[in-house]
Amino acid sequence: MATDRYGNTLHACTAEGAGHLDRAVEALLFFRPEVAPAVEDALAASPGSPDAQAFAAYLGVLGTEHTGAAAARPRFEAYLAGLDADALPARERLHLAAAGACLAGDLHGAGDLLEELSLAYPRDVLALFAGHQLDFLTGDAVRLRDRIGGALSAWGRADEHRGPLLGMYAFGLEESGHYRRAEETGLAAVERHPRDVWAVHAVTHTYEMQGRIADGVAFLDARADDWARGNYLTVHNWWHYALYALEAGAEDTALRVYDAAVHRAESAGLAMELLDASALLWRMRLAGREEPERWARLADAWAERADPPFYAFNDAHAVMAQVGAGRIAEAEALVVDRRRWLAEGEGDPARRALSNHAMTAEVGLPVCEALVAQGRGDHAAVVGLLWPLRRRLQVFGGSHAQRDAVQRTLLESALVSGDHDRARLLLSERDGLRPDSPYNWLGRARLADAIGDAALAAVARGRAEGAAKGQPPAAPGHGAVPEPPR
């Protein structure tokens, strides 16, 4: 019987199929586009392989594309129809159960099953990777960290793929607030595999969360040849680069990155790329910079997708685009549709079992409502909707850096509506985490202006300018935006 490169026995799999699965896992770990054709090759060589069938199902879900899940579902169901799953070995049985849960929309249940699998088989990389991504999609920072941390003891320091596991672990550490340990672990992963773009991404997050903008820009600049093109994280890591530019006040640099890499005419319209585009332009909008043409193109791209209720995090970014483009009626229509969907599911146990049902009801819908209120200029309503959610936003997925667009929306509306106590508290919280953030100091200056403290406003603006000068993305040796991907 065939085995994979990690020593796991592969049921109903030929040696050729095992080779294709190994190739697919290698591509998956490093976010290379050849993962999909490698899985198809494995299925062609070994159509009865549970690992290959589960792999294809995971790929259909992890991109948060409803069309991907819909396309993967019939083949997976046809495979199960002729299978005695109870006769399978335990590892493969758990993979099929987890893949089935994914396709059924139960992301939390799938994560539980994969955790059970990793308990007994900590060297099953597909289970670790898929589980890690599900933890990210469901905003479970502790499990994002511990799922990988609990498996690392089964991997020797000489194991070739210990490196990408360290990259995953680094991201879990960062999302759990262990920034120094996350940076050390992520850098160790990058040292082992310079093209480990998930590890690059993890280190980038650590600098973002600490306000270490100069360090982040220097890190990305030095490794641009490794991350800036040809992988599934290209757009997202360019998005991080643009966030650094925005934080340093270099809006034109951020827009150059947006046009060259984040949302181009050639963009494929994938949800994960469009949400990065929405999140970047939304931050600029909150800062007072309108980009009507860019917003219009982005809103058109979201409208072309015509997404049904599938992943609440995507819905919020679609609403950002519609509001940013001034299409309030379209944003309100999406909100109405999601309300209707939730109401229809109240008496449907299957609907309520969907992870997205709770994610939409508890966080996604009120966030969308707040974004629409922000577009209407009803800042008191924004504060009323987001204040109770501000410590629970992780329920609808994403990272701290991604969800910060919503946190900034709350802060902006608190400032504009004259809710000075809440604005003060929010700024104080941010200062504790990022004391050198120009954005935070500018917020303090605005608050000081509002309460009539001219001296404090002057000090805060001086601190903001000093912080920005200390970490510009155009300083010698740093921040020269590399050539855009081709």
Under a 4.0 Å threshold between the charged nitrogen and the carboxylate oxygen, would [Y] count as salt-bridged to [X]?
{"X": "E362", "Y": "R392", "value": "yes"}
{"X": "D259", "Y": "R294", "value": "yes"}
{"X": "E429", "Y": "R391", "value": "yes"}
{"X": "R192", "Y": "E160", "value": "no"}
{"X": "D252", "Y": "R289", "value": "yes"}
{"X": "D22", "Y": "R5", "value": "no"}
{"X": "R32", "Y": "E26", "value": "yes"}
{"X": "R23", "Y": "E16", "value": "no"}

Can you classify the ring geometry of [X] versus [Y] as parallel (below 30°), tilted (30 to 60°) or perpendicular (above 60°)?
{"X": "F313", "Y": "Y311", "result": "tilted"}
{"X": "F310", "Y": "H66", "result": "perpendicular"}
{"X": "F171", "Y": "F136", "result": "perpendicular"}
{"X": "H201", "Y": "H236", "result": "tilted"}

Find out whether the Lys NZ or Arg CZ of R223 is both under 6.0 angstrom from the six-membered ring centre of W227 and within 45° of the ring's axis.
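The answer is no; the distance or angle limit is not met.
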Between R408 and Y439, is NZ or CZ placed under 6.0 angstrom from the six-membered ring centre and within 45° of the ring axis?
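R408 over Y439 ring: yes.
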With a 4.5 Å cut-off on side-chain heavy atoms, are [Y] and [X] touching?
{"X": "L411", "Y": "R430", "value": "yes"}
{"X": "T206", "Y": "R212", "value": "no"}
{"X": "S399", "Y": "H205", "value": "yes"}

Applying salt bridge (charged side-chain N to carboxylate O under 4.0 Å, His left out) to E175 and R145, what does each step give before you reach the verdict?
CA-CA 8 Å; E175 288 296 292; R145 177 194 68 199; over 6 Å; no
Starting from the C-alpha separation in whole Å, work towards a yes-or-no answer on salt bridge (charged side-chain N to carboxylate O under 4.0 Å, His left out) for R434 and E208.
CA-CA 9 Å; R434 306 179 196 183; E208 158 74 15; 3.5 Å; yes
Under 3.5 Å: donor-acceptor pair, side chain of S46, backbone of L43:
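The answer is no, because no donor-acceptor pair under 3.5 Å joins these two groups.
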Below 6.0 angstrom between ring centroids: does that apply to F219 and Y244?
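Judged by ring-centre distance (under 6.0 Å), F219 and Y244 do not meet the cut-off.
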